[in-house]
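Below is one structure, written out as structure tokens; comments come after it.
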2 protein chains.
Amino acid sequence: MSGIAEVARRAGVSKATASRALTGHGYVAPDTRARVEQAAHELGYVASSSASSLVTGRTHTVALVVPRVGRWYFGEIIEGIERSLMQLGYDLTLYVAEPDSRDRDRLYRHFLARKRFDGVIAVALEPDDSDLERLVGFAKPTVCIGNELPGVVTLGIDNVAIGRMITQHLLALGHTRIAFLGATPNDDPPARDVDDRESGYVQAMRAANLEPTVHAAALTITDGYAAATPVLADTDSRPTAIVGACDEVAIGAIIAAQRLGIAVPSQLSVIGVDGHDYAEMFALTTVEQDPCNQGERAVAMLMSMIDGAPVVGRTTAPARMVMRASTTTPAPTPA
Amino acid sequence: MSGIAEVARRAGVSKATASRALTGHGYVAPDTRARVEQAAHELGYVASSSASSLVTGRTHTVALVVPRVGRWYFGEIIEGIERSLMQLGYDLTLYVAEPDSRDRDRLYRHFLARKRFDGVIAVALEPDDSDLERLVGFAKPTVCIGNELPGVVTLGIDNVAIGRMITQHLLALGHTRIAFLGATPNDDPPARDVDDRESGYVQAMRAANLEPTVHAAALTITDGYAAATPVLADTDSRPTAIVGACDEVAIGAIIAAQRLGIAVPSQLSVIGVDGHDYAEMFALTTVEQDPCNQGERAVAMLMSMIDGAPVVGRTTAPARMVMRASTTTPAPTPA
């Protein structure tokens, strides 16, 4: 079997560079990495991860904790993280468990406790989760995507500001009967990101001397549809505009309106948050975030921490409003 | 630090049982496992995976290869696999790479070549993928979810039979102008599951002496919508029924019909395949499969193989037709 020296010679690089390229430890230009990998492949050389782990104490593995996979937001984050890690030669160990669940508990006690990772990325933790304390207790580099959390490096959008912004957009168009759809249902675990968007909505409504109206819905198109239907069916109290807690809920409201024969936007304006794949198809005005890019940035931040560099506590991820056809001025009230 | 003997004593089980419960190697009743884990937790005992790996040669890790995360089908499979592995004390290493991509190539050369896993589950491989040969070359237990593949243990639904069945349903209702929507676009990599559904459709049409009409679309709601719009807008050639290659495409067709003012089902019947989360909201008649359960079954099959038991080459996963309101008899042709 060939050694690293032969791989380096064939690729025309130093042994140190060849080693960096194959272990994913430290920076190597993409072209150089490709050349080294090609040389290693031709020579049948495979870096022995257990041997290199014994020397470096590194596992070249990142653990990722998500509450679920099936929502657009989580899927995008997972793809962004996995793509970045693949470029760096790192493995991704995926743990899926809802907050406060028995599986989440086992995850900390049994899986993460084995510490078979160099760092952790956790998505959508809550500030008062017992998770947080346990995670910090592992004393491994940790980045959380989502809300700001005490004592942890976090990355995410400013949900309060966004909730305020989308409500102000509807106020500026002349709406006064604006409802928020997608508050966390009572039986569900708390969700700070949605609570923050709701807070932004409430702030904007109060600042305009209007009474906020909040309806609960889980964050899916189906639940948004189910929750919007009775709200829109009641002709006496029907709002002229809906702030969706996320695009899925907003799209559910648009589908409910279509079923009830309520025209969007002439009879009902709808706005969301996310930049979901389906937003364009439903002509949804929304605030786009880029969770795939957040995953990539989280990996970059985590790698800095693994390499011992300081990382700032909170990074606000960019978001931008995209105007489409689902919002307009309210229809004149019948006299 | 406490040893396994103390854990076993505290949990009231044998050392062998305690070890099985903590390593995930071999069967332990869920209650017993919980008791052993509780005892281990109270005593601060963590199974040393590297020590146990040195003895058993096992990594207690399963590698999962998927083309992407963001589609419902893949998300469900990932959740089913992860849930099962968590119960067994196994880690899941996730690899996301499109077939025939540079990432897929790196995946085999660099990541899987390290063999940091006891077995592999791969989803949606094609029979002529070079992947397949490489995967078999690792000589590790392997289960593929999707089509039948030469020389590999596979699990999946019978796509030809399902394509035939949904077409026959529309024929039995009296439709003759039935189009298939969702054939693989020319630029996309081949997809045997969709090709098989299309074959079933073509067989059923030919058996009824009808000419098949096939339209390409990628397997998303957005692409189904975009592909259906021109097909439905042409009043001369418009079909009275659409067979969607999957529920996403079928839902895209329903949304396109709504936009064009074509009533479903009185003017257009639509049928799909999958049992997507949104099928009920769109009242879609479909054939349900359960990819989450397929993930769980794939894990069970893989564990048997890891334990040296023989596993049958092809397992057909169950699927059942669910009638909803999107299909009915065709409207009488104007005289």
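So you know, we letter chains A, B, ... as the sequences are listed, proteins then strands, and number each from 1.
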Exercise for the section: Could you pull out the closest heavy-atom pair between B:D277 and A:T222, with the gap in Å? Expected result: O-OG1, 4.0 Å
Practice task
Under 4.5 Å heavy-atom distance to chain A, tell me which part of B:F282 shows up: side chain, backbone, both or neither.
Solution key: both
Exercise for the section: Quick one: which of A:W72, A:Y95, A:F74 has the most heavy-atom pairs under 4.5 Å with chain B, could you say? Expected result: A:Y95
Fill in the blank from the handout: Taken to the nearest 0.5 Å, the spacing of B:I251 CD1 from A:I221 CD1 works out to 8.5 Å
Handout entry: Region of B:Q87 that comes under 4.5 Å of a non-hydrogen atom in chain A
Key = both
Practice task
Please flag which part of B:R68 lies under 4.5 Å from any non-hydrogen atom of chain A: side chain, backbone, both or neither.
Solution key: both
Problem - Heavy-atom pair count under 4.5 Å with chain A, highest-scoring of B:L94, B:T220, B:I255, B:D91 - result: B:D91
Handout entry: B:E98 atom CD, neighbour heavy-atom count above 12 within 6.0 Å
Key = yes
Problem - B:R116 and A:R116: CA distance, side-chain angles, deciding distance, side-chain contact (heavy atoms from CB on, under 4.5 Å) verdict - result: CA-CA 12 Å; B:R116 304 205 292 184; A:R116 304 205 292 183; over 6 Å; no
Practice task
Return the minimal non-hydrogen interatomic distance between B:F111 and A:L85, and the atom names on each side.
Solution key: CZ-O, 4.3 Å
Problem - Contact winner vs chain B - A:E76, A:E280, A:E79, A:R71, heavy-atom pairs under 4.5 Å - result: A:E79
Handout entry: Side chain / backbone / both / neither for B:L64 at chain A, heavy atoms under 4.5 Å
Key = neither
Completion exercise
Of all heavy-atom pairs linking B:R259 and A:M281, the shortest is NH2-O, 2.9 Å
Exercise for the section: Determine whether B:L107 and A:M86 make a side-chain contact, defined as any pair of heavy atoms from C-beta on separated by less than 4.5 Å. Expected result: yes
Handout entry: Heavy-atom pair with the smallest gap, counting every atom of A:Y278 and B:Y278
Key = CE1-CE1, 3.9 Å
Handout entry: Which atoms of B:I78 approach chain A - backbone, side chain, both or neither, heavy atom under 4.5 Å
Key = side chain
Handout entry: Proximity breakdown for B:E82 and chain A, heavy-atom pairs closer than 4.5 Å
Key = side chain
